[in-house]
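Only this structure's heavy atoms are used, side chains among them; waters, hydrogens and symmetry mates stay out.
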Amino acid sequence: MRRIGWVLVAGWLAVLSTAGVGHAASAGGDAPTRTAYLAERLRENPVYVTDQLPRAVPRSTAPEFAEEARRLGVPTYVIVLPSEVDMGSDALLAGVHDRLGRKGLYVSLDESGLTDVQTYGVSVPGAQDARRTTMYESPYDATAHEEFRYFVDVLKSGQAAQRAKAAEKEYGGAYPAHEPANWHTTQTDREDQSFGTGVVVAGVPLLALLVTVSLRRHRDTRRRTVAVAALALSGVLAFTASQIFDDTTTGDGSYPTVADMRARIDRVAAGLRRDPLYVDPESPPVLDAAARARLRKRLGALHLPVVIAALPTPMDDESRGSADLLAKSLHDRLHRSALIVLADPASGMIDTFNYGARIDGGYLFDRPHDLSYAESSARPGADLGSRLDKLLGYVAKTPPAKPNSEVAPTPAPDPKQDLTLPGLFTGDFKPGLFIGTVLAALLFGLVAAVAALVRRIRRRGGHQADAPDRPSQSWLRQTAARELDALGKAVDPAGAPSAKQERRAWECLDAAVLLLDGDSDARIDADASPADLVCAIVLARAGLAAARDALPTQHVCHRNPLHGPARKVRPAGRKGRVSPVCEACRATPGTVLRLRPTASSGSGSAVPYPTLPGPLAVLGDGAGIDQLTREIREHYGVH
């Protein structure tokens with residue numbers, strides 16, 4: 001029993017000794033290697049998310065990665081690192097596995113997605129095929145969490161090999177035919193959506209309103225109804241657009257917490273309080289033990305406070321890739337005056353920021369070029385140690401000066417605001433409304449011009465544009481009012497081409513008025529029959545032709561008087577009565593005009609117009625305009 005007690009005491013002493021050595025190493029001596037550091041983090045938690053990418057992969061999303069990993073059913077270790085430091089992922093995963101000593105599926109990712117997958121001591125069929133499928137099929141805007149979930153989905157599908165082959169065929173090669181469609185809406189996409197929604201919400205209802213009102217311009221009650229309908233249509237279109245373009249974020253919905261945004265600054269500041277030289281444990285080693293010892297000795301011998309932080313500044317860190325903001329944040333955490341030196345292991349860039357140190361800023365600004373920039377672009381961090389050593393030697397020779405501080409840099413954009421999409425009905429929505437209104441007006445003008453051109457062409461071809469074979473009572477009243485109004489304005493003795501033409505126009509106008517205005521109140525009688533309305537339309541058109549010095553209208557088409565001017569032509573090889581027909585009916589006989597007997601008759605009672613009583617019937621027998629006017633005067637006893 002005594003021997004067992006001594007063994008336990010010796011064991012505890014060894015543990016305490018190891019912990020003390022580890023603490024000393026992290027505080028100032030030889031820092032743990034990169035793979036050892038990551039292995040230790042995975043020993044604590046099988047998912048390690050860097051604190052250097054809070055804008056793209058917040059540390060608080062680690063449980064979501066763990067939840068996806070559990071679906072695989074095998075021990076899975078996930079590492080998320082910045083792309084600036086995630087170099088040689090296959091070697092990295094092998095080294096981490098050797099340090100951790102645990103079997104499982106090892107996965108590495110960066111802010112852009114999956115970088116490597118390796119298995120150690122376990123069988124995961126299709127892991128590499130799933131990796132290749134994810135690489136080909138996921139778009140550029142996929143987040144790291146989405147790519148990992150996609151990888152797990154492919155692996156769980158049991159079709160990883162087939163999908164990898166199909167994906168490589170579709171998206172592989174140096175110049176693929178197309179890229180996978182984006183999964184997220186960008187800020188530019190939202191601007192386009194807002195603009196397009198404005199155009200549709202304003203343009204479509206307005207165009208419908210203009211067209212409908214132009215077709216029914218004599219109906220005020222229906223105008224109001226159409227206006228309400230157009231407004232309702234605008235609302236429906238707006239609601240539909242809000243349901244289609246319902247994205248609220250440009251990412252997967254993950255936003256960094258306050259703790260996520262502070263984590264790296266707190267880590268680095270805590271390290272600088274213990275040691276003036278802080279080397280990022282996640283980055284590839286660019287400072288060996290000898291270089292670190294030499295730099296610490298240099299720092300201790302300086303006559304002013306200087307701290308060095310060797311870490312990258314990725315675009316998705318808390319500072320938005322700004323070394324100025326990173327230095328300012330470190331100074332705010334340290335709460336002491338110092339010359340802060342930032343050395344980027346990925347780019348090899350060295351920046352200095354003076355916060356209260358007694359040093360000549362101009363002297364430092366003019367330091368030699370090779371103290372700031374890497375000599376080799378192939379291995380930018382290779383000479384970082386020697387250049388830092390030279391910089392500290394240069395600082396040691398810098399003449400003292402009054403304390404000064406850097407100008408406060410511009411704050412980085414708020415990450416949530418950066419990821420949140422503006423509302424659909426903001427931004428370019430108002431310009432879209434204006435453009436939609438203009439386009440509706442232009443399109444309506446174009447449609448009206450084309451319609452007028454078509455009517456003119458049809459008139460030249462022998463048919464009036466307004467010549468239905470079963471006209472409604474409302475159409476007849478509106479057309480008669482329009483044609484009579486035009487004839488009344490055209491009858492002007494001062495502008496008549498000749499006395500004969502003037503007389504003919506007046507005869508047509510008088511005859512039409514006799515038919516439709518029995519009350520002599522300058523309005524069409526409410527009980528005007530369809531036959532009288534057609535007769536008045538024909539007379540008004542004939543009178544208008546005379547007033548405008550057009551070819552006199554002697555006859556109109558006997559099949560449908562609304563067709564307009566006609567000539568008497570005997571059909572080839574036929575005998576019998578010769579009736580006038582328009583040019584169109586000569587080629588293809590049109591349908592005979594059918595009318596209701598009275599204004600109140602139903603639509604099913606329409607009959608061929610020659611069977612109806614009244615002056616209009618004479619046109620069916622081939623009578624001309626002059627005979628029609630005589631029939632009307634005789635019918636009403638006017639001589």
Side-chain angles (χ1 to χ4, degrees), residues 27-31 264-265 267-281 283 285-313 319 321-376 379-409:
D30 289 340
R264 185 174 72 150
I265 298 298
R267 167 171 64 91
V268 177
L272 290 175
R273 291 191 189 98
R274 295 190 300 266
D275 185 350
L277 173 64
Y278 182 84
V279 179
D280 179 38
S283 300
V286 292
L287 298 175
D288 57 19
R292 291 195 295 272
R294 185 170 60 253
L295 290 174
R296 289 191 180 96
K297 184 176 180 181
R298 282 271 198 181
L299 289 168
L302 292 175
H303 61 280
L304 50 85
V306 178
V307 295
I308 298 176
L311 73 164
T313 52
S319 70
S322 170
D324 302 67
L325 280 173
L326 177 57
K328 177 67 168 56
S329 299
L330 287 175
H331 167 68
D332 293 343
R333 294 292 194 282
L334 291 173
H335 300 294
R336 61 188 175 94
S337 299
L339 177 68
I340 299 176
V341 180
L342 297 182
D344 192 329
S347 68
M349 183 72 180
I350 297 176
D351 291 298
T352 59
F353 303 91
N354 186 9
Y355 283 96
R358 296 178 176 274
I359 191 170
D360 186 351
Y363 184 84
L364 282 178
F365 183 79
D366 294 332
R367 66 185 183 270
H369 182 274
D370 63 350
L371 297 185
S372 296
Y373 303 99
E375 297 177 357
S376 171
R379 299 180 60 201
D383 62 342
L384 191 61
S386 63
R387 288 192 294 118
L388 285 172
D389 192 26
K390 291 179 183 179
L391 175 64
L392 294 182
Y394 193 73
V395 170
K397 301 174 184 178
T398 304
K402 292 182 179 180
N404 62 58
S405 292
E406 300 287 336
V407 177

Determine whether a donor-acceptor pair (N or O, by modelled atom type, separation under 3.5 Å) exists between the side chain of [X] and the backbone of [Y].
X	Y	result
D383	S386	no
S322	S319	no
R292	V279	no

Is the shortest distance from a Lys or Arg side-chain nitrogen in R267 or D280 to a carboxylate oxygen in the other one below 4.0 Å?
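A salt bridge links R267 with D280.
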
Between D324 and K328, does at least one N-O distance fall below 4.0 Å, as a salt bridge requires?
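Between K328 and D324 there is no salt bridge, as every charged N stays at least 4.0 Å from the carboxylate O atoms.
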
Could you check whether any side-chain heavy atom of [X] comes within less than 4.5 Å of a side-chain heavy atom of [Y], counting everything from C-beta outward?
X	Y	result
I340	L272	no
R358	L304	no
L384	I350	yes

So how far is it from [X] [atom1] to [Y] [atom2], rounded to the nearest 0.5 Å?
X	Y	atom1	atom2	value
F353	L339	CZ	CG	10.0 Å
R387	M349	CZ	CE	9.0 Å
R294	L287	CZ	CG	9.0 Å
L392	T398	CG	OG1	10.0 Å
I359	N354	CD1	CG	6.5 Å

Looking at every heavy atom in both A357 and A338, which two are closest together, and how far apart are they?
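Reported closest heavy-atom pair: CB-C, 4.1 Å.
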
Y278: ring pair (Phe, Tyr, Trp, His ring centres under 6.0 Å) partners, not counting sequence neighbours
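Not a single residue meets the ring pair (Phe, Tyr, Trp, His ring centres under 6.0 Å) criterion with Y278.
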
